[in-house]
Structure formats: C-alpha cells, structure tokens
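The structure is given below, and queries will be raised subsequently.
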Amino acid sequence: MATLPQLTLNFNRKIKVSNDGGSLSSDTGEFIFREFDEKLGFSKTLATHLSLKDTRAYFIHSNENLLRQKIYQLIAGYSEDDAADQLTQDPVFTQVLGTDALASQPSLSRFFRRFDQQSILQLEHANQELLDKVHKFRESQGLPKALIFDLDSTHSDTYGNQEEAAFNSHYGTVGFHPLVAFDGVTGDFLKAKLRPGNVYTSTGVVEFIQPLIEHYNDKFPATTLFVRGDSGFAVPALYDLCDKESVYFVIRLKSNANLQRIAEELHPSSIPSDVTKTECYFEETIYQAKSWAKPRKVIVKSVRPANELFFIHSFFVTNLVDAFSPKDIVLAYQKRGTMENYIKEAKNGFNLDRMNSHAFQVNEVKMLVSLLAYNLTNWLRTLSFPKEQKNMQIETIRTRIIKVASKLVKSGRSLYFKLSSSFVYQEFFWKVLSRIHKLKIE
C-alpha cells in the first residue's frame, strides 16, 4: 500500500494529514451486509451451487471467496477490480471475507475467466434459490401472493474490438443489448441475459421468460403471475405462452392503420367543447392482427391535450378478465415505469452495464455478479430497513450505513470495531442491525 508523505494544510498549519493510521476502515457498514448475508444464507447458497473447472494446483483464495469479494466490493462502490490492491489489508473486508488479505486484481481477473456456460447456469440457479427463499418469507409475512414479470431491454456500451459488440440502431451506438426481468412489486432482479448489440428487443424473450414462469407456477401455485412489457415485446408467442401457463399480461402495441381506424371510430376528432381541458378516455375492443392465432382484447387510451384538436391514441393487448376496467388495466401498465428506476439503480449503483472485457462470456459473468450484488442490497432494504427507508437508493445506503469510519482494537480473543462518536446516522445503523437479528428466514 502506497503511503503519502505527511502534508500540512495551508488554511491551518497545525493540521497534518497522512494515511498511515493503521487498522482503520471507511466501510464498516459492510458488516451489516455480512450479517444479513449470514441470516439469509446468501454466501452459503452461492458456495453450494458454484463449481468451476479450476486447474490451479495451489491457491490461497477459493472461488467462493473470490465471488464474495467481488460482490462486497460492488456493494461498497468499488467497481474496479484493482480496488482490491488498496483494500488488501482493510480490517473490515478481511473479516467479512474471513481471510488474512484480499485477493489481488490479477486473481479476480483470472477468476472470471474460469467460468463457462455451465457455471453461469449455476449462478442463475443460486439466484433463483435465494429468490424463492425471500418470496416464501414475504408470503409468510402476509404480503400479497403476486409477482409481476417486468420485461425490458437495455444498452451496454462497449469499447474496442469486443466479442459480439454490434451497432444498435435504436440506441445509435455500438454495444450489447441485455434482456432483463425484474419483479415489479418488490424490485427483485429476477434474471438477465447478455445479448449481442444488434438483436431486436424481443429476440429470445419466450425462451428467456418461460423457465421463470414454469418455475413459479410449479413452486408457488397460489401466486398470481403477471407479465408487463412495452411494444418491443408485442409478439404472439409471448401471448400464447401466457395463455398456456395461466399468466395475466398487459403489453403495449405499436400503432398501425387498423388500430388507428378503430380508435378514431371510438373517438373521432371534433371541436372540443372546452379547449382548455385535457380529455382522456379508456375503451376496449376485440382485435386480431394477421400474425395472431385468435382475436384478443385491446385497450384503447385516447388523450386530447388542452388546446389540441386531435386525439393521441395508445394501445394495449391483454388477457385480463372483465373484472378489470380499461382504465385499471392501463394504470396497471403505467406502474411499469418503476422498471426504469430498477435498471438505473443496477447500472449506476452496481455497474450492470460495465462491459470491459474482450470475452463475451466474461462480460456475462460480470453482469450476473452485479445482479447478485443488487439483489443482496434489495433484500436487505426491503426486509430489514424501517418502512420509511425501504425505497432508499444504493448511493444513499452507502452514505448512511456503509461509509462509516471505524478503528480496530484487539483485546484477547475479541475484535472491537470502534465507530466514530460523531457518526451522524448511527441511530439508523443500529436499527437496521437490530432488525436483521430479529429476522427469521427459513
């Protein structure tokens, strides 16, 4: 670790600054995550599923610990692998990982290259087992037995000659085009699939979502499943899958001449009685596109903004029954807007879109590690944070309970981490830790 010379500050020459303080850490809140990790069985589940083809004859850091180290570095905001070189003797990180020293940047890089498609599936299975455990716990707490599959695609920039990087006409740049699914109720990150940059939004969506739907129908038959997606996912095969698996769906449709004609028959453009008011109508009709196997219910939302002559029409295909009004169906779809916040948090908070390896498969592994770091954080805040803080974003979480200064004091067999007496958010810190201890997750 490089040590800066002692510096004197000009505004007050009595103040001397150096970074040779010894057994200090600025990330004491990682203990909160590690305590929750133990309560949930997070690391144990990952270790159970992970089995890499490891040809190392001798090693200090196990693959399970390397995975845990990368996850905890991401949670603390250290997205770069080489951050480990500065954190190597950090007293909090070494205790969280149960090692004398952290693995170096080269060790982390080699770790990612040991993955293949089988071990990627192992990570996905581990995530699903943890999702099931949390879902079961939430249902035991009386939460509604419902799960919303919010589908979306996003963009990840690439640089240089990276495998499968391609130009995407929608985003107007070169990169990858991942497919993602979140639970619209809880914000849980259900699944992610890295794809080449030039594939269409809905490419592979049925193969992507079908295993999830079948799993939850089999594992939680009493849970109501619901699929939401924008017009990029308006494909007949997805509608047919939902019908087959008894899953409700609302998916936006792209406008076409036939839909526009139907909407204009329902609400023809005319001189409004009061041009200062916005008009909004919700109607339903039966419609069948040429590619559809059968007619389906379509909701038409018609809006005429104030001081405008013409209506703006939006269309949604659904299999929701008549118990739901057209307005309720559109409002249910519009709640999908939270999906953008989940993606933004995964990208900005956990570097989901940081694709800095030449190898496509390594980038896919890194994406799944970001998914796991996001989920551990989301489960912590939704299960252990007080009600008023359950929607707290990762940057705020880092400020409030992770970036906490402490000093390590060894006494006999005990390790005392002394937090700063002037720690502003200490009440919140202790409250979360206390709530974790009270959790009973089976």
Side-chain angles (χ1 to χ4, degrees), residues 1-9 12 14-44 60-62 64-78 82-105 107-108 373 376-377 380-381 384-386 389 394-439:
M1 181 184 296
T3 301
L4 290 173
Q6 181 173 282
L7 295 179
T8 301
L9 302 186
N12 187 337
K14 295 180 180 180
I15 298 177
K16 317 294 180 182
V17 180
S18 67
N19 68 335
D20 56 353
S23 296
L24 304 173
S25 178
S26 60
D27 297 292
T28 314
E30 290 277 87
F31 283 139
I32 286 183
F33 283 80
R34 184 64 183 89
E35 191 75 353
F36 180 75
D37 175 334
E38 192 72 14
K39 180 72 70 168
L40 182 62
F42 179 83
S43 291
K44 290 179 181 178
I60 297 174
H61 303 284
S62 67
E64 294 80 7
N65 244 21
L66 289 167
L67 176 59
R68 184 192 291 177
Q69 177 178 328
K70 186 58 184 176
I71 289 173
Y72 275 86
Q73 281 187 209
L74 281 171
I75 290 171
Y78 304 119
D82 58 9
D85 295 338
Q86 290 296 320
L87 294 169
T88 183
Q89 298 294 334
D90 183 277
V92 169
F93 271 94
T94 53
Q95 293 303 318
V96 163
L97 300 175
T99 60
D100 294 329
L102 272 65
S104 64
Q105 176 269 321
S107 294
L108 289 174
L376 181 59
T377 303
L380 171 63
R381 66 183 162 199
S384 300
F385 280 18
Q389 277 96 25
I394 182 59
E395 290 300 334
T396 307
I397 293 172
R398 288 183 183 131
T399 302
R400 299 289 176 89
I401 61 172
I402 295 180
K403 299 300 178 181
V404 183
S406 68
K407 176 176 66 175
L408 170 60
V409 177
K410 298 179 180 179
S411 176
R413 296 181 180 179
S414 299
L415 302 176
Y416 294 90
F417 283 82
K418 305 286 189 176
L419 276 61
S420 169
S421 299
S422 57
F423 173 32
V424 175
Y425 304 109
Q426 55 183 288
E427 182 179 350
F428 178 48
F429 183 97
W430 297 116
K431 185 178 291 185
V432 171
L433 198 52
S434 174
R435 292 169 71 94
I436 291 171
H437 287 161
K438 294 176 183 177
L439 280 177

Closest heavy-atom pair and its distance - His437, Lys39: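 Smallest interatomic distance, heavy atoms only, reads O-NZ, 3.3 Å.
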
With rounding to the nearest 0.5 angstrom, report the NZ to CG distance, Lys70 to Leu102.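 Atom-to-atom, Lys70:NZ and Leu102:CG are 11.5 Å apart.
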
Of the non-hydrogen atoms in Gln73 and Ala83, which two are nearest, and what is the gap between them? NE2-CB, 4.2 Å

Using the side chain to side chain contact (heavy atoms under 4.5 Å, CB included) definition, which of the options Arg34, Arg68, Glu30 pairs with Leu97?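 Of Arg34, Arg68, Glu30, side chain to side chain contact (heavy atoms under 4.5 Å, CB included) with Leu97 is met by Arg68 alone.
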
The test is side-chain hydrogen bond (donor to acceptor under 3.5 Å, both in side chains); show your working for Asp27 and Tyr78 and say whether it passes. CA-CA 11 Å; Asp27 297 292; Tyr78 304 119; 2.7 Å; yes

Just verifying a value: how many Å separate Leu419 CG and Lys407 NZ, rounded to the nearest 0.5 Å?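 These two atoms lie 12.0 Å from each other.
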
Which ring pair (Phe, Tyr, Trp, His ring centres under 6.0 Å) pairs, counting each pair once, include a residue from residues 405-426, with sequence neighbours left out? Phe31-Phe417, Phe423-Phe429

If you take all heavy atoms of Leu415 and Leu408, which pair is closest and at what distance?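 Smallest heavy-atom distance, with atoms named: CB-CD1, 3.9 Å.
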
Counting heavy atoms not belonging to Lys403, are there more than 12 under 6.0 Å from its NZ? yes

What do you reckon, is CG of Asp100 surrounded by more than 12 foreign heavy atoms closer than 6.0 Å? no

Under 3.5 Å, side chain of Thr88 to main-chain N/O of Asp85, donor-acceptor pair present? no

Pairing residues for Lys16 by the side-chain contact (heavy atoms from CB on, under 4.5 Å) criterion, not counting sequence neighbours: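 side-chain contact (heavy atoms from CB on, under 4.5 Å) list for Lys16, sorted by chain: Gln6, Thr8.
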
Please check this pair: side chain of Arg381 against backbone of Gln389, looking for a donor-acceptor N/O pair closer than 3.5 Å. no

Under the 3.5 angstrom rule, does the side chain of Ser411 hit a backbone N or O of Ser414 as a donor-acceptor pair?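 No; judged by distance alone, with no hydrogens or angles, the pair does not exist.
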
